[in-house]
Amino acid sequence: MVNTSNDRSYGITRRDLLVGLGGVSTGVLAGCSTTLGSGSETTFRLGTLRPPITLDPIDAHSIGSEQVIGRIFDALYEYGEASDTIPKIAASEPQFENDSRTAVIELDERAQFQNGRDVVADDVVYSFTAPLEEDAPTAWRLSPIESVDAVDEYTVRFTLEEPYPGLEHAFTHPIVPRQEREDDREAFATAPIGTGPFEVASFSKEKKATLRRWDEYWGESTPAIDRVTVAFVEFPMTQLTSLRTNRNDAIEPVSPMIVDHVDDVSNASVQRRQGYTSFYFGFNLNEGPTTDRRVREAISYCLDLETAVSDFIEPMGQRQYSPLPPQVARDWDMPTDEWADLANERNPERARQLFREADEASGQLRILTTTDPKHKELGEALAGGLRNASHGALVVSKPESTFLETYVSGSERDYSVFVGEITGTPDPDSHLYPTFHENVAGVTNGTFYREDAVMERLMAARETENRERRRQLYEAAITRLLEDQVCLPICSFENSFAVDEGVRNFRVHPIAGVNPRLAAGDDVVTMRTDS
């Protein structure tokens with residue numbers, strides 16, 4: 001779908017939003033979710049701007065998919081209240097040997113798949129090797145693991161050639177059943193067999209996933225909710241209306257456009273938590289005009305990013321000046337002030353001069369985005385800046401599944417610039433390696449940047465245990481990325497939900513893929529069942 005400035009329903013003003021909602025009957029009750037069930041069955045309905053694309057953990061490369069997959073599948077370890085990990089399918093903490101180059105993990109023998117089969121070591125081996133064999137988007141996190149072996153039926157050995165500080169995060173990779181997935185991978189992507197507390201009732205790609213509680217769940221913290229429905233909603237105003245009319249019990253993420261009005265038009269409240277998600281403009285360094293650094297620099301002079309973040313992101317996020325979210329940069333004592341000084345202020349005349357020097361004063365730059373309203377608004381803002389600098393620009397917005405294939409094509413016919421989204425963990429590796437390393441170009445890296453010094457530093461950092469040494473390597477790599485204008489960092493974005501008052505004990509987790517967390521420890525989400 002091609003977007004132009006004349007087709008911007010996603011850019012509705014906040015005043016218009018309230019006027020539009022004014023006609024909704026105030027007598028409609030929110031929070032009662034028994035109408036879709038039978039008897040006392042409870043259904044938690046989530047309206048999301050980020051639709052699930054696949055339910056196969058091996059191929060998943062979007063937050064919408066990960067959020068549904070996380071209800072269907074368990075992993076060896078799961079996240080606790082923050083970024084700490086605790087045993088799940090693993091019976092205990094890993095036993096490290098050989099100077100921490102070998103990790104031996106015993107499996108909980110109670111763990112079962114939803115077809116009643118025990119989870120065995122062979123399934124774990126497969127879960128960690130299939131992404132590499134298939135060159136899947138999830139492979140980057142597992143690639144430092146040299147080998148995975150079944151010691152016996154319930155014991156697995158992981159061997160590292162070099163240290164891997166991100167190993168604990170890799171151990172949160174979902175465990176899938178080898179034989180059941182291999183029998184029919186296509187069917188598995190829509191109706192998988194997992195180990196988690198919910199199983200699939202129905203699934204429609206990029207539209208809706210309905211899950212039902214697996215009553216034979218082997219683990220602890222059994223959900224109190226019977227059914228979960230995750231449905232794609234295209235616009236924030238439609239999301240808010242769905243809360244008002246009791247169509248959904250929660251919506252996410254909460255758009256900056258509606259955040260101030262959730263209390264005004266629905267019996268819901270906004271729950272938010274700083275996470276590890278950020279946006280950036282990525283440049284195509286493989287083909288086309290943006291292979292010239294002068295063109296990339298010219299583009300950086302076309303947009304006032306401070307204003308763009310203020311208009312489209314705040315108060316649900318903040319400006320950032322590197323590929324690392326502010327809290328990660330802060331925790332790692334990065335030179336954020338120095339990186340901020342590298343950011344160019346809007347200067348259309350300087351942009352025109354650079355375009356002329358690069359012999360790129362004419363033509364049309366294609367800006368690729370998803371259909372997410374925030375992405376589209378940022379893309380349109382950049383296009384407007386380019387036009388003000390006398391350069392043609394076209395915003396092309398595609399459904400997320402198509403976008404995920406297109407932004408890594410490296411073809412100038414597809415994009416010169418794209419609006420990228422990075423969702424990681426507190427470890428800088430999760431933000432930098434999958435986004436910029438040449439090993440994943442065309443898989444999760446759409447810039448195709450190739451600079452040996454940067455690649456060597458990114459690789460060395462993920463193989464270094466010493467935190468200060470890692471910090472130095474990341475600092476040098478990021479500085480070079482910014483100096484070479486490989487990307488324009490835009491902002492971080494909070495994890496946020498607007499939740500109906502009938503939903504109790506709902507808590508937002510900082511790791512985006514963990515949400516919506518419906519049962520963890522003593523925190524089990526319940527719902528009011530009165531109408």
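Side chains are part of it too, since the values below use all heavy atoms of this structure and drop only hydrogens, waters and symmetry mates. Given the structure is predicted, the values throughout are model-derived calculations rather than measurements.
- Using bins of under 30°, 30° to 60° and over 60° for the plane-to-plane angle, the ring pair Tyr415/Phe418 lands in the perpendicular bin.
- Residue pairs meeting the salt bridge (charged side-chain N to carboxylate O under 4.0 Å, His left out) criterion with at least one member in residues 475-496, sequence neighbours excluded, are Arg272-Glu494, Glu451-Arg480, Arg471-Glu475, Arg480-Asp484.
- The CZ atom of Arg293 sits 11.0 Å away from atom CG of Leu285, with the distance rounded to the nearest 0.5 Å.
- Counting heavy atoms from C-beta on, the side chains of Asp372 and Leu49 come closer than 4.5 Å.
- For the pair Asp99 (side chain) and Arg101 (backbone), a donor-acceptor distance under 3.5 Å is absent.
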Considering only distance and modelled atom types, tabulate donor-acceptor pairs under 3.5 Å from the side chains of residues 165-176, sequence neighbours left out.
| from | atom 1 | to | atom 2 | distance (Å) |
| --- | --- | --- | --- | --- |
| His169 | ND1 | Tyr79 | OH | 2.9 |
| Thr172 | OG1 | His169 | O | 2.6 |
| His173 | NE2 | Ser127 | O | 3.1 |

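- The structure places OG of Ser416 at 7.0 Å from CD1 of Ile299, a figure rounded to the nearest 0.5 Å.
- Listed by chain and residue number, Thr277 satisfy the side-chain hydrogen bond (donor to acceptor under 3.5 Å, both in side chains) test with Thr423 (two or more places apart in sequence, or in another chain).
- The pair Arg117-Asp123 counts as a salt bridge, with a side-chain nitrogen and a carboxylate oxygen less than 4.0 angstrom apart.
- Checked against side-chain hydrogen bond (donor to acceptor under 3.5 Å, both in side chains), Thr102 has no partners two or more places apart in sequence or in another chain.
- Using a 4.5 Å heavy-atom cutoff, the side chains of Phe128 and Leu76 are in contact.
- Between Asp56 and Arg181 there is a salt bridge, with a side-chain nitrogen of the basic residue lying less than 4.0 Å from a carboxylate oxygen of the acidic one.
- A donor and an acceptor atom, one from each side chain of Thr425 and Ser430, are located under 3.5 Å apart.
- Side chain to side chain, Glu400 and Thr370 fail the donor-acceptor criterion of an N or O pair below 3.5 Å.
- Across all their heavy atoms, Phe448 and Val408 have their closest contact at CZ-O, 3.2 Å.
- Tyr433 and Asn439 share a donor-acceptor pair across their side chains, judged by distance under 3.5 Å alone.
- With a 4.5 Å cut-off on side-chain heavy atoms, Asp429 and Tyr474 count as touching.
- The stretch residues 416-428 participates, sequence neighbours left out, in these salt bridge (charged side-chain N to carboxylate O under 4.0 Å, His left out) pairs: Arg50-Glu421, Asp427-Arg470.
- A donor-acceptor distance shorter than 3.5 angstrom exists from the side chain of Thr290 to the backbone of Asn284, with no hydrogens or angles considered.
- Of all non-hydrogen atoms in Cys491 and Ile313, the two that sit nearest each other are SG-CG1, 3.7 Å.
- Residues satisfying the ring-ring contact (aromatic ring centres under 6.0 Å, His included) criterion with Tyr164, sequence neighbours excluded, are absent altogether.
- Taken from CD1 in Ile422 to CG in Leu432, the straight-line distance is 7.5 Å, to the nearest 0.5 Å.
- A distance-only check finds a donor-acceptor pair linking the side chain of Arg213 to the backbone of Pro223 [under 3.5 Å].
- Within the 4.5 Å cutoff, the side chain of Glu66 has no heavy atoms near those of the Asn515 side chain.
- There is a side-chain donor-acceptor pair under 3.5 Å between Asn115 and Glu180.
- A distance-only check finds a donor-acceptor pair linking the side chain of Arg366 to the backbone of Arg413 [under 3.5 Å].
- By the 4.5 Å heavy-atom criterion applied to side chains, Glu206 and Pro52 are not counted as neighbours.
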Check: residues 136-149 side-chain donor-acceptor pairs under 3.5 Å, at least two apart:
| from | atom 1 | to | atom 2 | distance (Å) |
| --- | --- | --- | --- | --- |
| Thr138 | OG1 | Ile58 | O | 2.7 |
| Ser143 | OG | Trp140 | O | 3.1 |
| Ser143 | OG | Arg462 | NH1 | 3.2 |

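- The backbone N or O of Ile251 sits nowhere less than 3.5 Å from a side-chain atom of Asn248 that would complete a donor-acceptor pair.
- Under the salt bridge (Lys or Arg N to Asp or Glu O under 4.0 Å) criterion, Arg507 pairs with Glu81, Asp523, sequence neighbours left out.
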Practice item. Apply side chain to side chain donor-acceptor pair (under 3.5 Å) to the pair Glu93 and Tyr77, showing each step before the final yes or no. Key: CA-CA 9 Å; Glu93 297 295 335; Tyr77 297 87; 5.0 Å; no

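- The CD1 atom of Ile367 lies 14.0 Å from the NE2 atom of His375; values are rounded to the nearest 0.5 Å.
- Legend: salt bridge (charged side-chain N to carboxylate O under 4.0 Å, His left out) pairs involving residues 68-78, not counting sequence neighbours: none detected.
- Listed by first then second residue, pairs satisfying salt bridge (charged side-chain N to carboxylate O under 4.0 Å, His left out) with a partner in residues 320-331 number zero, not counting sequence neighbours.
- Residues Val124 and Phe158 approach most closely at CG1-CZ, 4.0 Å, considering heavy atoms.
- Between the side chain of Asn495 and the backbone N or O of Pro510, at least one donor-acceptor pair lies under 3.5 Å.
- At least one donor-acceptor pair closer than 3.5 Å links the side chain of Thr291 to the backbone N or O of Gly288.
- Annotation: side chain of Phe279 is in contact with side chain of Lys374 (closest heavy-atom distance under 4.5 Å).
- Residue Glu468 places its CD atom among more than 12 non-hydrogen atoms of other residues, nucleotides or ligands, all under 6.0 Å distant.
- In this model, no donor atom of one side chain and acceptor atom of the other lie less than 3.5 Å apart for Ser409 and Thr406.
- The shortest distance between side-chain heavy atoms of Gln318 and Pro326 falls below 4.5 Å.
- A donor-acceptor distance shorter than 3.5 angstrom exists from the side chain of Thr129 to the backbone of Val125, with no hydrogens or angles considered.
- Partners of Ser221 by side chain to side chain contact (heavy atoms under 4.5 Å, CB included), not counting sequence neighbours, listed by chain and number: Ala519.
- For the atom pair Gln472 CD and Trp332 CH2, the distance stands at 11.5 Å (nearest 0.5 Å).
- The two atoms that bring Pro426 and Val328 nearest to each other are O-CG1, 3.6 Å, heavy atoms only.
- Looking at Thr402 and Leu404, their side chains never come closer than 4.5 Å, going by heavy atoms from C-beta outward.
- Cation-pi geometry between Arg319 and Tyr321 is met: under 6.0 angstrom from the ring centre, within 45 degrees of the axis.
- Between Ile72 and Gln114, the shortest heavy-atom distance links the atoms O-NE2, 3.4 Å.
- Atom-to-atom distance recorded for Trp218:CH2 and Phe113:CZ is 10.5 Å, nearest 0.5 angstrom.
- In the model, Ser397 has a side-chain atom that pairs as donor or acceptor with a side-chain atom of Thr369 under 3.5 Å.
- Within a 6.0 Å radius of CD in Glu220, other residues, nucleotides and ligands contribute 12 heavy atoms or fewer.
- One N or O on the side chain of His509 and one on the backbone of Gly80 form a donor-acceptor pair closer than 3.5 Å.
- With sequence neighbours excluded, no residue forms a ring-ring contact (aromatic ring centres under 6.0 Å, His included) with Phe198.
- Judged by distance alone, the side chain of Ser62 and the main-chain N or O of Ser65 form a donor-acceptor pair under 3.5 Å.
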